[in-house]
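Here's the structure, in structure tokens; my notes come after.
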Amino acid sequence: MSSQATSPTAGAAAAERRAQAVRAAVEQGLTGPDDPIVALLDITGIRAGAAALRAAFAEVTDAPVLHAFAVKACPLVPVLRLLRAEGLGAEVASPGELALARAAGVDPTATVLDSPAKTPAELREALALGIAVNADNPQELARLDALVASADTSSPLGLRVNPQVGAGSIDALSTATATSKFGVALLDDGARDWVVKAYAARPWLTRLHTHTGSQGVALPLMAQGVLAAYELAEEINAAVGRRQVDTLDIGGGLPVNFGSDEETPTYATYARVLKETVPGLFDGRYALVTEFGRSSLAKHGTVLARVEYAKRSGGRPIAVTHAGVQIAARTVYAPASWPLRIEAYDAKGRPKPGPAVAQDVAGPACFAGDLLAENRPLPLLEQGDHTAVLDTGAYYFAHHYSYNSLVRPGVYGFTAEPDGVRFATVRSPQPVAELVAEAGGDHTDALL
Ligand SMILES: *Cc1c(COP(=O)(O)O)cnc(C)c1O
């Protein structure tokens, strides 16, 4: 209850910190005519989110809980390091993500490797490091058989199941449909029996994993997915006559509110829904792993972009800004599923006054669809003004899309102190020379 009562205040405080950071980014020259786009991360908000996550589960269980942040959502080393300082681990799904987690100093015992396409080398490395691994399918389990037989490992090992509870409102992010590519499809003919036998034959298989996310999936459906995994764990343990499955990995997927500064639903709400739906999961018999991504970072990121030109076309005002498809691929390509809030600031970084005028907010890329918003009512943007693109801390600016060879913008963490806003460099703006090197610049004559 308390979190719901205080969340409007928390949202207003976050909005205030954001406004201070925008103003300071302009005043301190973080952004300017030659650096027309920057990304900002609210360190205070990220810390508070991590603390809220830990508190939400501590409220419903005394069992050990590892909150493994889904690195995919914000693959930036200083962010992983900050979350580590807040007691979170890392869920990784590729050699690159594992390298980022290791660079951030995340302990192997706080790291979980998922992914539907792990190579033998990746599996070997994970087992050598003692990182938890969730096998995706029978073929991967067979690879683990061989590795476990030949090497000593402390890695906790599990299997991912797809409870097939159905889709949310965004097909591309619905992981628990009848035909999803992830995990062992539990309702398919013979699958459940196969899973129980697979555990019975492998005493080292001690975890069970499911992830019924992501954005667009309602809490009751997510909880149904967790319930299915819990019931399966109970069935396995009954069949083998001991508590072989000792840990449930319930995935991530808490949806994010992109419509306002309120953080809803909260982790506390989800934890309560889980406890009501799956009480046995919280009675202390099972350790838990969670893998939240978007909900940990989304609301703490802002892209600040200059309006390079303001024009009209067919009577409609258009602000041509430096934030477009390169930092918001999902919104540009699927605007109905991924609307983003945009705020208008003036040339000095102050909230822009004036009546709302329907206008397009365009990005810099050379295709007509590169719009972050169409017909959006905002104070009329003028040349030299700024737009702030909100809730972009996860799956946006950290997921640069290199259309038009636009460089990756700098990312800066901020804290709003009484004596002013302090910025810390998370990622420097990409130098053009690096972009050339990534584009085969070292192999100029290769095709001659
Ligand atoms: C993407 C993913 C997550 C994180 O999902 P969010 O919606 O960002 O919380 C967690 N677990 C797995 C296995 C994933 O693929």
Side-chain angles (χ1 to χ4, degrees), residues 46 49-50 52-53 56-57 65-76 79-80 83 88-94 96-98 100-101 110-118 122 126 131-137 140 158-163 167-177 180-184 207-219 221-223 225-226 229 247-258 263-267 269-271 274 288-301 330 337-338 391-396 398-399:
I46 296 171
L53 171 58
F57 280 79
V65 186
L66 167 66
H67 296 293
F69 172 68
V71 171
K72 175 182 67 185
C74 190
L76 294 168
V79 169
L80 305 180
L83 293 175
L88 272 57
E91 185 263 356
V92 301
S94 71
E97 288 182 0
L98 175 55
L100 297 181
T111 305
V112 179
L113 174 65
D114 298 328
S115 118
K118 308 175 200 78
E122 282 176 72
I131 286 167
V133 176
N134 289 313
D136 180 83
N137 59 65
E140 189 168 279
L159 179 69
R160 177 167 181 172
V161 293
N162 169 11
S169 62
I170 304 174
D171 283 345
L173 270 73
S174 295
T175 51
T177 59
S180 159
K181 74 174 182 183
F182 296 110
V184 175
R207 289 190 173 187
L208 194 58
H209 175 222
T210 192
H211 167 63
T212 312
S214 289
Q215 187 70 16
V217 177
L219 301 193
L221 190 65
M222 291 172 66
V226 175
T247 303
L248 257 87
D249 181 337
I250 65 170
L254 190 72
V256 164
N257 166 24
F258 285 94
E263 285 194 46
T264 53
T266 62
Y267 289 119
T269 301
Y270 182 44
L274 280 175
L288 292 175
V289 178
T290 74
E291 305 172 342
F292 296 103
R294 181 176 289 106
S295 54
S296 293
L297 257 299
K299 303 211 63 82
H300 312 306
R330 276 193 168 135
S337 293
W338 299 101
D391 307 325
T392 48
Y395 303 103
Y396 278 101
H399 294 61

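Only this structure's heavy atoms are used, side chains among them; waters, hydrogens and symmetry mates stay out. When a ligand or atom number is given, it counts from 1 through the structure's own listing order.
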Can you tell me how far the CE atom of M222 sits from the CG atom of L254, to the nearest 0.5 Å?
-> 5.5 Å
So the atoms of ligand 1 within less than 4.0 Å of a heavy atom of D114 turn out to be 13 (C)
Part of R294 within contact of ligand 1 (heavy atoms, under 4.0 Å) | both
Can you pull out the closest protein heavy atom to atom 7 (O) of ligand 1? Residue, atom name and distance to 0.1 Å, please.
-> S214 OG, 2.7 Å
Qualifying residue for side-chain contact (heavy atoms from CB on, under 4.5 Å) with V289, from H67, R207, E91 | R207
H211 ring center within less than 6.0 Å of F182 ring center = no
Identity and separation of the nearest protein heavy atom to atom 10 (C) of ligand 1 = E291 O, 3.0 Å
Does S295 use its side chain to pair, donor to acceptor, with the backbone of V256 at less than 3.5 Å?
-> no
Would you call the rings of F57 and F292 parallel, tilted or perpendicular, where under 30° means parallel and over 60° means perpendicular?
-> tilted
Looking at R160, which atoms of ligand 1 are within less than 4.0 Å of one of its heavy atoms?
-> 13 (C)
Where does Y395 meet ligand 1, judged by heavy-atom distances below 4.0 Å: at the side chain, the backbone, both, or neither?
-> side chain
Should the pair Y396 and F258 be assigned to parallel (<30°), tilted (30 to 60°) or perpendicular (>60°) ring geometry?
-> perpendicular
Less than 3.5 Å between some nitrogen or oxygen of G251 and one of ligand 1, yes or no?
-> no
When distances are taken from atom 2 (C) of ligand 1, the protein heavy atom at minimum range is K72 NZ, 2.6 Å
Looking at side-chain heavy atoms only, is the closest gap between P255 and P265 below 4.5 Å?
-> yes
Provide the number and element of each atom of ligand 1 under 4.0 Å from a heavy atom of G253.
-> 5 (O), 6 (P), 7 (O), 9 (O)
